[in-house]
Amino acid sequence: MTAFVAPNYLVALPEILLAGVACVFLLIGVFTGNRSTTPLTYAAIGAMLIAFALVLGFNGTRETSFGGMFITDHFTTFMKSVVLIGAAGTLVLGIGYVQREQMNRFEFPILILFATLGMMLMISANDLMALYVGIELQSLSLYIVAAFRRDSVRSTEAGLKYFVLGALSSGLLLYGASMVYGFTGATGFDAIAGGIKAYGAGDLPIGVLIGLVFIAAALAFKVSAVPFHMWTPDVYEGAPTPVTAFFSAAPKIAAIALLLRVFLGPFAELASSWNQIILLISIASMAFAAFAAIGQRNIKRLLAYSSIGHVGYALVGLATATEEGVRGVLIYMAIYMVMTVGTFGAVLAMRQKGQMVEEIADLAGLSKTNPALAAVLGIFMFSMAGIPPFAGFFGKLYVFMPAVEAGLYGLAIAGVLASVVGAYYYIRIVKIMYFDEPAEALDRPIGREILGVLVVTGIITTLFFAYPQPILSGAKAAAAALFP
Amino acid sequence: MSGWPILSTITFLPLLGVAFLLLVRGDAATVARNSRLVALWTSIVTFALALVLIGSFDISNPGYQFVENVPWLPEFGISYHLGVDGISLFFVALTTFLTPICIIASWESIQNRVREYMVAFLVMQVLVVGVFCALDFVMFYIFFEGQLIPMFLIIGVWGGERRVYSAFKFFLYTLVGSVLFLIAILYMYLQVGTTDIPTITAHEFTRETQIWLWLALFASFAVKMPMWPFHTWLPDAHVEAPTAGSVILAGILLKMGGYGFIRFSLPMLPEASDFFTPFMFTLSVVAIIYTSLVALMQEDMKKLIAYSSVAHMGIVTLGIFTFTQQGIEGGIFQMLSHGIISAALFLCVGVVYDRVHTRQIAAYGGLVHRMPIYAVVFLVFTLASVGLPSTSGFVGEFLAMVGAFTANTWVATTAMIGIILGAAYMLWLYRRVIFGELTKENLKSITDLNWREIGVFAPLIALALFLGIYPKPVLDVLHASAAHLMTQTQLARVVSPEALELAGQVPKIAATR
């Protein structure tokens, strides 16, 4: 037992800030009640932006703290930035909805803050314990916000479903973690890597592999990759729309970060074992999502399948287990976040006579009733389908490039063919907006916050090709951090 | 021409027009009128610039001219690289030439969402010109696939009854080919380390690699071209697209396939191209004969012309894969000439469609009695399509056939039979629509071409006849680049194993003498 050394708190400054702010907000909320929801939401967005600035402010050298449980490097900087922007963006989108749809309770922004804090801990986790704590903090907050409309059957059902299946996956994770601990004698990522290396190539106990498979399954559940995706469409459909937006923008990115960190950190030695798993769930996710989304009528459900597909594409990069592949994943997730936030902005603008609507058919003829909104949503759809010159194409380019380089031709060809099938359901939305006769018009105006988010995300998606340097170089540095 | 980036200007000038279009304000009629004017002027100015480009083109230089090369994503070796040579020069010109014609042709027939329509056409022009100017694979691909979006919207929003089905078929069919092409691009990039097209052209791939890459490129270009049996999207897309959409589709978009074969498959993958020559000949000949037979039985005018396009593209691929100077020049010339003629034929259909609102051949007959000028115009383009000497169609077909005869007599003979069939269906179409008694009630009051329509056809007729009578200016430009292309393919052939072996024996033979 070594003497107590005060941990370097500065490393975790953004997390400490968010935790502190969330607690203070909770007190404010308790004393002032629900009328402070909107001010607290704005304050939470501000806190996230400050945390974002602090994250960016780090010089990016690799530092650990809290006994090696917590790590910051270029990788955490990049991932936390994406998560914080995604979380802040979806909070902005939800402001109008929360006020209108009986969700005006002060806990909402605070729970989102806690969930975001959990994600940041996940990203910075350098130990199986820290990883679990981060995941649980995130998940418990998310279970509640999924069921936030207590008077809605669908919302509570979504929350319960999410909770039951989420608890199952946490169980899998814990079981896998205990196996790994049992066979390597460590929970810290560096120590696990050392433990695995010490066994040598030939006589690795099967227990480590079993633990690895359990952890992989649990993380696949968190990123909602096939075959662990079953909860996604139901939860996405049932949860209040701003929550769905948040689900698809932020936690998914944090979970991908975790997947990268775990597989390329402690289990880097076992790449030849886990990349078979990743290969399989990647192809399965791309193909399944492409076909399953075709028949959907509800736009939130469709976007749930779409997000499953996007995870599949991102995993193409991880399947290569190379630095370029990881860079592709990071670029893909950043672009995915922008497109998703924008798309949900459009979904949140779908109101008729003051009521939210979420059938795809309600978009019919949008190009005549609201040409600007139709154009922006059309751009997001083409972008998600991977049609150049929009950002989504570059995302796919940067994950398929390393796949071809690593000789995974089958994966690359399966991926691009799945993207053609997937293009069908994306352009079906364009068809409904542009080719069909107008149904009832959507309400106007769509709201200042949504308009602002749509403009920003639309510009990024359209003009990504002109100035991709910030994301490319950020992702490059972040990927390099995982390959010391 | 150093300093002023003329290619970038030609490529992206229409975007300025798009910006203006988005700023147009006022009631619906004003917006429509101003949109048409803005689009027309933008396209005319662009065409004028393209003429300047032709004027300052140096025909003795076989390489790329007006080159602009700026690093874009340096860490990936991707740059903003534009340039034209003799092969691409006229495709740029053709695109800028057809766009104003399309806009004038849509003057009255497009009445709803005029602004969006014009935006789609100008964006399309940007992307198509970009395809022909791009000297970087990633740029090429962005332009190549990006044009799916405006075309999808043009067919789907302004098309006929089955427009949704056709738009989806067009989009997905073309996308399948393109994504495989993307994999090939990535592979070449990883082999060579850059996406610069001239650099990749100079790189020698191994024979096996070439074959795989060739197949991936083939998937994309054969669909785009379209070659039999990948052509089924074309009749649907043509029939449902608005007239100007068909014009741009037949006139320019189909040329991207042939251009791709000439620009990439031949010089980059010469051994594989050589290997697949019998395959290409077979597909081409089947296309020429089969689609001509199918065209004979069509009842819809646009569908007939669509099938004739497939047959004509068969002649193009036949010419290109002869690996002879005549064949390649003939293929390119045939594409240019087809761009003019098929565009004009679709416009001819559009003229009567605007008046009678049907494309059924059976609904017409005896138009010559009411529409003499139209009959003449239609006759000129019918004969040009058949390949009558003194029209542009003849020059291309003749050159391609000369090439084919030197390469393989049987292939050329069979293809000739297809060309005879081509004459049969075109002349039969003409007879059924124009000649005969004017018995249909609704045709008795039909009016002849108005001044706007004559204005549309006049330049097309002039060009079709000019290129047929005096093709030298175009061929002169093609010579240097085609010869350069020949050396690129031949050189690579010489280093093939068999050739090396042969080359090794030459000194021995010399020594024994």
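Here is how names work: the chains are called A, B, and so on, in the same order as the sequence lines, proteins then strands, and each is numbered from 1.
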Verdict with supporting geometry, Ile149(B) and Val430(A), side-chain contact (heavy atoms from CB on, under 4.5 Å): CA-CA 10 Å; Ile149(B) 298 174; Val430(A) 175; over 6 Å; no
Intermediate values then yes/no, side-chain contact (heavy atoms from CB on, under 4.5 Å), Phe168(B) and Arg428(A): CA-CA 8 Å; Phe168(B) 272 81; Arg428(A) 192 166 70 100; 4.2 Å; yes
Leading residue by heavy atom contact count with chain A [cutoff under 4.5 Å; candidates Leu180(B), Leu148(B), Leu172(B), Ile185(B)]: Leu172(B)
Kindly give the heavy-atom pair with the smallest separation between [X] and [Y], and that separation in Å.
X         : Y         : answer
Gln469(A) : Leu73(B)  : NE2-CD2, 4.1 Å
Val164(B) : Lys431(A) : CG1-CE, 3.6 Å
Ala412(A) : Ile183(B) : CB-CD1, 3.5 Å

Part of [X] lying under 4.5 Å from any heavy atom of chain A:
X         : answer
Tyr80(B)  : neither
Leu127(B) : neither
Leu186(B) : both
Leu182(B) : side chain
Ala167(B) : side chain

Heavy-atom proximity to chain B below 4.5 Å, by part of [X]:
X         : value
Phe382(A) : side chain
Lys396(A) : neither
Tyr434(A) : both

Interface residue of largest heavy-atom contact number with chain B, from Val404(A), Leu397(A), Leu472(A), Val421(A), under 4.5 Å: Val404(A)
Top of Val420(A), Leu417(A), Ile387(A), Asp436(A) for chain B proximity - count of heavy-atom pairs under 4.5 angstrom: Val420(A)
Side chains of Tyr187(B) and Tyr409(A) in contact at under 4.5 Å (non-hydrogen atoms): yes
Minimum side-chain heavy-atom gap Phe394(A)-Ile142(B) below 4.5 Å: yes
Derivation and outcome, ring-ring contact (aromatic ring centres under 6.0 Å, His included), residues Phe435(A) and Phe152(B): CA-CA 10 Å; Phe435(A) 304 174; Phe152(B) 175 71; 5.2 Å; yes
Those residues of residues 311-325 of chain A, ordered by number, that approach chain B below 4.5 Å (heavy atom to heavy atom): none
Residue-level contacts of residues 362-380 of chain A with chain B, using a heavy-atom cutoff under 4.5 Å: Ser367(A), Lys368(A)
Ring pair (Phe, Tyr, Trp, His ring centres under 6.0 Å) involving Phe78(A) - partner list, sequence neighbours excluded: none
For chain A, which residues of residues 17-24 of chain B have heavy atoms nearer than 4.5 angstrom: none
Expected output: side-chain Trp72(B) to main-chain Phe465(A) donor-acceptor under 3.5 Å: yes
